[in-house]
Amino acid sequence: MQLLSIHSDYIEYETKKKTPVAEEIEPTLKSGRMDDALTIFIAVETYDEADPGATAENAAAEIKKTAEQVKTSRIMLYPYAHLSSDLAKPTVAVDILKRLEETLSIDYNVKRAPFGWYKAFKISCKGHPLSELSRTIRIGGEKGGEGSERSEGRDQKEGRKTEEVVSEALKSEEKAVSHWHVLTQEGELLSIEEFDFSDHPNLKKFVAYETSKSRAVDKIPPHVELMKRLELADYEPGSDSGNMRFYPKGTLIKRLLEAHVMNTVGEMGAVEVETPVMYDMNHPTLKKYLDRFPARQYSIESDKRSFFLRFAACFGQFLMNHDMTISHRNLPLKMVEMTRYSFRREQHGELVGLRRLRAFTMPDMHTLCSDMSGAIAEFKEQYVMCMRMLADVGLEDDYEVAIRFTRDFYEENRDFIKELVEIVGKPVLIELWDSRFFYFVLKFEFNYIDAMNKASALSTVQIDVENADRYDIKYIDRNGGENRPTILHCSPSGAIERCIYALLEREHLKSLEGGVPSLPTWLAPTQVRLIPVAERHLEYAEEIARALDRIRVDIDDREETVGKKVRAAGREWVPYTVIIGDRELESGVLSVNIRSDKVKVEETAQELSRRISSETAGMPYRRINLPMHLSERAIFFG
RNA sequence: GCCUCGGUGGCUCAGCUGGCAGAGCGAGUGAUUUGUAAUCACUAGGUCGCGAGUUCAAAUCUCGCCCGAGGCUCCA
């Protein structure tokens, strides 16, 4: 709803002619006048149809506030369609106007100009600073329904502000009562106070982060500087905050991580699908789901329709599941999509580098299981797969586990929860809810804890007991009867960008402790850097490069000193650096610098090739994503 | 969204009691053909985030806005 309020010496109107949507009125209302009144020009918009009651209430609160400020007791409500290009249906608009009139009449002397008439009017604006104000009313836009609290200047700027849908889940989260525990490997469920954290400093940080939410550190996140300096990714000023650009090296790393996730879930039987990034805001099923998911959306206007950008692949996959014919013989049925992108309109203050984005790449897999016991068996399998995934990415010892469930689920599955803790082999943070606020009864996440003691979820699996019903997803059982499957949501790695963030932060931490920062060899944008000493060694370097098959090799053929080239390779975290000069030309043996061990070895191209192949075994390979000769490379950053 | 701090060549930053816009790195050109963390010389490169205001004069002072970082709030 759009409001334009004018504190006027007087306002008077006279109806002239009916429009097709005119309301029937008493003859006494055909003209009207009010002196020293607050005149409110109003346009009721499509958004307001969702909840006319709340819209009227919020608008009334807002108008009262203004009336108090300008100290008037008289209010003229004046329908004014031209304030908006997205008007509500006339019936709804009249309904809301009447409710508004009714509410305000309790405290004020209110008149309402008739809806749907061409009217002549005269108004005299007082002209003091508060005499002209505009307001946009959006349901759920502010917590507590207090109406708009934005400043005047901002209101005018954002007069066409896009709709903010705050889901019921976001609101209910405030009310959710959590009980925090630590479950030990021995199966003891201890309170936070009882548990001895002395051997588990990271778990302690994680618990502090989750429960007290208090952090007092003031450092710039190291990965932000690294992602730029290593030419992986950067902010894109031409887009919205939290939408990154990826340079060739960063893109390569992303593609490799994505490929590994897809290979892994493919091996466990998942089939890959692709679904749209935007959905109809008014689709009845989706609307209900929006309300159960604690996230803010981007919304898009197109013609007369409103769309929201997906924040996961659930929508597309569930809608697909709904239309499928599924037999019990097809279960468990796994579908996966590498969502590029998922969108979540996080608050500004929450966005940080690659850690938390508004557009991010996330594998999203859903598994339809016959029932809860099937779901539990799958959950365990995926839990183990996620552990392996993080180990492959290079984060084996760098995460803390949270397992969250409802009290009901726990009562029935105590041993299962204990088993999960045994599998991961370390104590786990437990969050227990008295009742179910979300669509799931059980979830786990693996959380990375960074140098600033912040926790970020990577892998996660959830057991969903709501959406099969909501999307009307069914399978046919042995006896020909229809059944609701139990659905698992799984992101094996979590957001791909976040994996990169975790790796960079971890390596930064390592360098603080005196180690040499580097990426796992299978992710290194350049795996071998060849440095010819002089121009006459270039040809031999090319030969070596050809011999290193399926390895990302490049050649620093720039006219620089060897010292400078070595330094450059080091700053790029290249794992293997090879100097090629007269000695190598004669002996056929290479002088290889191994970054991780800070040592130099003599080996042939074949030996080096085997070393790298064994290091990257089982991981995807992609060719180098830049010209092989450094002299041909443009600079992306710095 | 709120509070605090910041934004000056491609990058990192100096200049900020108002008075000719600077350095290093990087880039281009030339010389050098080089053996393990920065070869030398020269040249180009700036709407000092954007917009107003104060002033003879604004990168510098004031106000508004945009963007970033940290904190708060929040976090599937």
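Naming convention: chains lettered A, B, ... in sequence-line order (proteins, then strands); numbering from 1 in each chain.
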Margin query: Tell me whether Lys510(A) is salt-bridged to Glu513(A), with the criterion being a basic N under 4.0 Å from an acidic carboxylate O.
Written below: no

Next item on the list: For Ile531(A) and rA38(B), give me the distance from atom CD1 to atom P, rounded to whole Å.
Entry: 12 Å

Note to self: Please pick, from rG35(B), rU39(B), rU36(B), the nucleotide with the shortest atom-to-atom distance to any side-chain atom of Lys564(A).
What the structure shows: rU39(B)

Check: Which whole-number value in Å describes the distance from His223(A) NE2 to rG68(B) P?
Finding: 13 Å

Next item on the list: Measure from CG on Leu630(A) to P on rG26(B) and round the result to the nearest Å.
Entry: 14 Å

Next item on the list: With sequence neighbours left out, write down each residue that passes salt bridge (Lys or Arg N to Asp or Glu O under 4.0 Å) with Asp240(A), or none if nothing qualifies.
Entry: Arg358(A)

Item checked: rU17(B) - base-pair partner by Watson-Crick or wobble geometry, distances under 3.5 Å -> none

Margin query: Checking Asp464(A) now: which residues fulfil side-chain hydrogen bond (donor to acceptor under 3.5 Å, both in side chains) with it, not counting sequence neighbours?
Written below: Asn467(A), His489(A)

Next item on the list: Would you please name every residue forming a ring pair (Phe, Tyr, Trp, His ring centres under 6.0 Å) with Phe308(A), sequence neighbours left out?
Entry: Phe315(A)

Item checked: Tyr341(A) and Phe343(A) aromatic ring geometry - parallel, tilted or perpendicular at 30°/60° bounds -> perpendicular

Next item on the list: Using a strict cut-off of less than 4.0 Å between a Lys/Arg side-chain nitrogen and an Asp/Glu carboxylate oxygen, indicate whether Glu337(A) and Arg310(A) qualify as a salt bridge.
Entry: yes

Check: Atom CD1 of Ile579(A) to atom P of rU36(B): distance rounded to whole Å?
Finding: 8 Å

Next item on the list: Fit a plane to each ring of Phe379(A) and Phe444(A), take the angle between them on a 0 to 90° scale, and name the class: parallel (under 30°), tilted (30 to 60°) or perpendicular (over 60°).
Entry: perpendicular

Please tabulate, one pair per line, each protein N/O and nucleotide N/O from nucleotides 42-47 of chain B that are separated by under 3.5 Å, including the distance.
none

Margin query: Need the pair for rG64(B). Rule: Watson-Crick or G-U wobble, both distances under 3.5 Å, any strand; none if unpaired.
Written below: rC50(B)

Margin query: Please name the nucleotide paired to rA44(B) by Watson-Crick or G-U wobble geometry with both distances under 3.5 Å, or report none.
Written below: none

Checklist line | Separation of the P atoms in rC61(B) and rG6(B), to the nearest angstrom | finding: 10 Å

Item checked: Whole-Å gap separating C1' (rU36(B)) and CD1 (Ile594(A)) -> 15 Å

Next item on the list: Pick base, sugar-phosphate or nothing for Gly242(A), based on heavy-atom distances below 4.0 Å to the nucleic acid.
Entry: nothing

Next item on the list: State the pairing partner of rU55(B); accept Watson-Crick or G-U wobble contacts with both distances under 3.5 Å, and report none otherwise.
Entry: none

Note to self: Applying side-chain hydrogen bond (donor to acceptor under 3.5 Å, both in side chains), can you list everything that pairs with Lys564(A), at least two apart in sequence or on another chain?
What the structure shows: none

Notebook entry, point to check: When we call it a touch if two heavy atoms are under 4.0 Å apart, what does Gly563(A) touch: a base, just sugar-phosphate, or nothing?
Noted result: sugar-phosphate

Next item on the list: Check salt bridge (Lys or Arg N to Asp or Glu O under 4.0 Å) between Arg356(A) and all other residues, then give those that pass, not counting sequence neighbours.
Entry: Glu346(A), Glu350(A)

Margin query: Checking base pairs now: Watson-Crick or wobble, both atom distances under 3.5 Å. What partners rG70(B)?
Written below: rC3(B)

Check: Which part of the nucleic acid does Ser456(A) contact within heavy-atom distance under 4.0 Å: base, sugar-phosphate only, or nothing?
Finding: nothing

Next item on the list: Figure out the CZ/C1' separation between Arg345(A) and rG1(B), and round it to whole Å.
Entry: 10 Å

Checklist line | Nearest-Å distance once atom C1' is located in both rG49(B) and rG7(B) | finding: 6 Å

Check: Taking the C1' atom of each, how far is rG9(B) from rA27(B), in whole Å?
Finding: 11 Å

Note to self: Work out how far the C1' atom of rA21(B) is from that of rA57(B), and round it to whole angstrom.
What the structure shows: 15 Å

Table please: side-chain donor-acceptor pairs of residues 491-503 of chain A below 3.5 Å, with sequence neighbours left out.
unit_1: Ser491(A); atom_1: OG; unit_2: Pro363(A); atom_2: O; d: 2.8
unit_1: Ser491(A); atom_1: OG; unit_2: Gly494(A); atom_2: N; d: 3.3
unit_1: Glu497(A); atom_1: OE1; unit_2: Thr361(A); atom_2: N; d: 2.9
unit_1: Glu497(A); atom_1: OE2; unit_2: Lys254(A); atom_2: NZ; d: 3.4
unit_1: Glu497(A); atom_1: OE2; unit_2: Thr361(A); atom_2: N; d: 2.9
unit_1: Glu497(A); atom_1: OE2; unit_2: Thr361(A); atom_2: OG1; d: 2.9
unit_1: Arg498(A); atom_1: NE; unit_2: Arg355(A); atom_2: O; d: 2.9
unit_1: Arg498(A); atom_1: NH1; unit_2: Ala457(A); atom_2: O; d: 2.8
unit_1: Arg498(A); atom_1: NH2; unit_2: Arg355(A); atom_2: O; d: 3.1
unit_1: Tyr501(A); atom_1: OH; unit_2: Asp450(A); atom_2: OD2; d: 2.8

Margin query: Side-chain N or O of Lys454(A) versus OP1/OP2 of rG70(B): is the shortest distance under 4.0 Å?
Written below: no

Note to self: Distance check, P atoms only: rG24(B) and rU4(B), in whole angstrom units.
What the structure shows: 38 Å

Check: Taking the side chain of Arg567(A) as heavy atoms from C-beta outward, which of rA69(B), rA38(B), rG35(B) is closest to it?
Finding: rA38(B)

Next item on the list: Specify the residue among Met362(A) and Val516(A) whose closest nucleotide of RNA chain B lies further upstream toward the 5′ end.
Entry: Val516(A)

Next item on the list: Take nucleotides 6-13 of chain B nucleotide by nucleotide from the 5' end and write B, S or -, depending on whether a protein heavy atom sits under 4.0 Å from the base, only from the sugar-phosphate, or from neither.
Entry: ----BS--

Item checked: salt bridge (Lys or Arg N to Asp or Glu O under 4.0 Å) partners for Glu535(A), two or more places apart -> none

Item checked: Separation between the C1' atoms of rU29(B) and rA44(B), rounded to whole Å -> 10 Å

Note to self: When the P atoms of rC48(B) and rA58(B) are compared, how many Å lie between them, rounded to an integer?
What the structure shows: 12 Å

Margin query: Test: salt bridge (Lys or Arg N to Asp or Glu O under 4.0 Å). Region: residues 588-603 of chain A. Which pairs qualify, not counting sequence neighbours?
Written below: Glu603(A)-Arg611(A)

Next item on the list: Return the minimal non-hydrogen interatomic distance between Ala541(A) and Leu530(A), and the atom names on each side.
Entry: O-CD1, 3.3 Å

Next item on the list: Rounded to the nearest angstrom, tell me the gap between atom CG in Leu351(A) and atom P in rG71(B).
Entry: 13 Å

Next item on the list: Give Arg229(A) one of three labels, base, sugar-phosphate or nothing, depending on what nucleic acid heavy atoms sit under 4.0 Å from its own.
Entry: nothing

Check: Can you tell me the Watson-Crick or wobble partner of rU39(B), both distances under 3.5 angstrom?
Finding: rA31(B)

Check: Whole-Å distance between rG35(B) P and Leu530(A) CG?
Finding: 18 Å

Next item on the list: Output all residues satisfying salt bridge (Lys or Arg N to Asp or Glu O under 4.0 Å) with Asp398(A), sequence neighbours left out; order by chain, then residue number.
Entry: Arg506(A)

Next item on the list: Please state the P separation for the pair rG22(B) and rU36(B) - nearest whole angstrom.
Entry: 39 Å

Note to self: Measuring only between side-chain heavy atoms, which start at C-beta, is Val461(A) closer than 4.5 Å to Tyr383(A)?
What the structure shows: no

Next item on the list: Name the nucleic acid region contacted by Glu584(A), choosing base, sugar-phosphate or nothing; use a 4.0 angstrom heavy-atom cut-off, strictly under.
Entry: base

Margin query: Please pick, from rA69(B), rU36(B), rG26(B), the nucleotide with the shortest atom-to-atom distance to any side-chain atom of Pro221(A).
Written below: rA69(B)

What does the list of N/O pairs under 3.5 Å between the protein and nucleotides 31-34 of chain B look like, with a distance for each?
unit_1: rU32(B); atom_1: O4; unit_2: Glu559(A); atom_2: OE1; d: 2.3
unit_1: rU33(B); atom_1: O2; unit_2: Glu535(A); atom_2: N; d: 3.2
unit_1: rU33(B); atom_1: N3; unit_2: Glu535(A); atom_2: OE2; d: 3.2
unit_1: rU33(B); atom_1: O4; unit_2: Glu535(A); atom_2: OE2; d: 2.9
unit_1: rU33(B); atom_1: O4; unit_2: Glu559(A); atom_2: OE1; d: 3.2

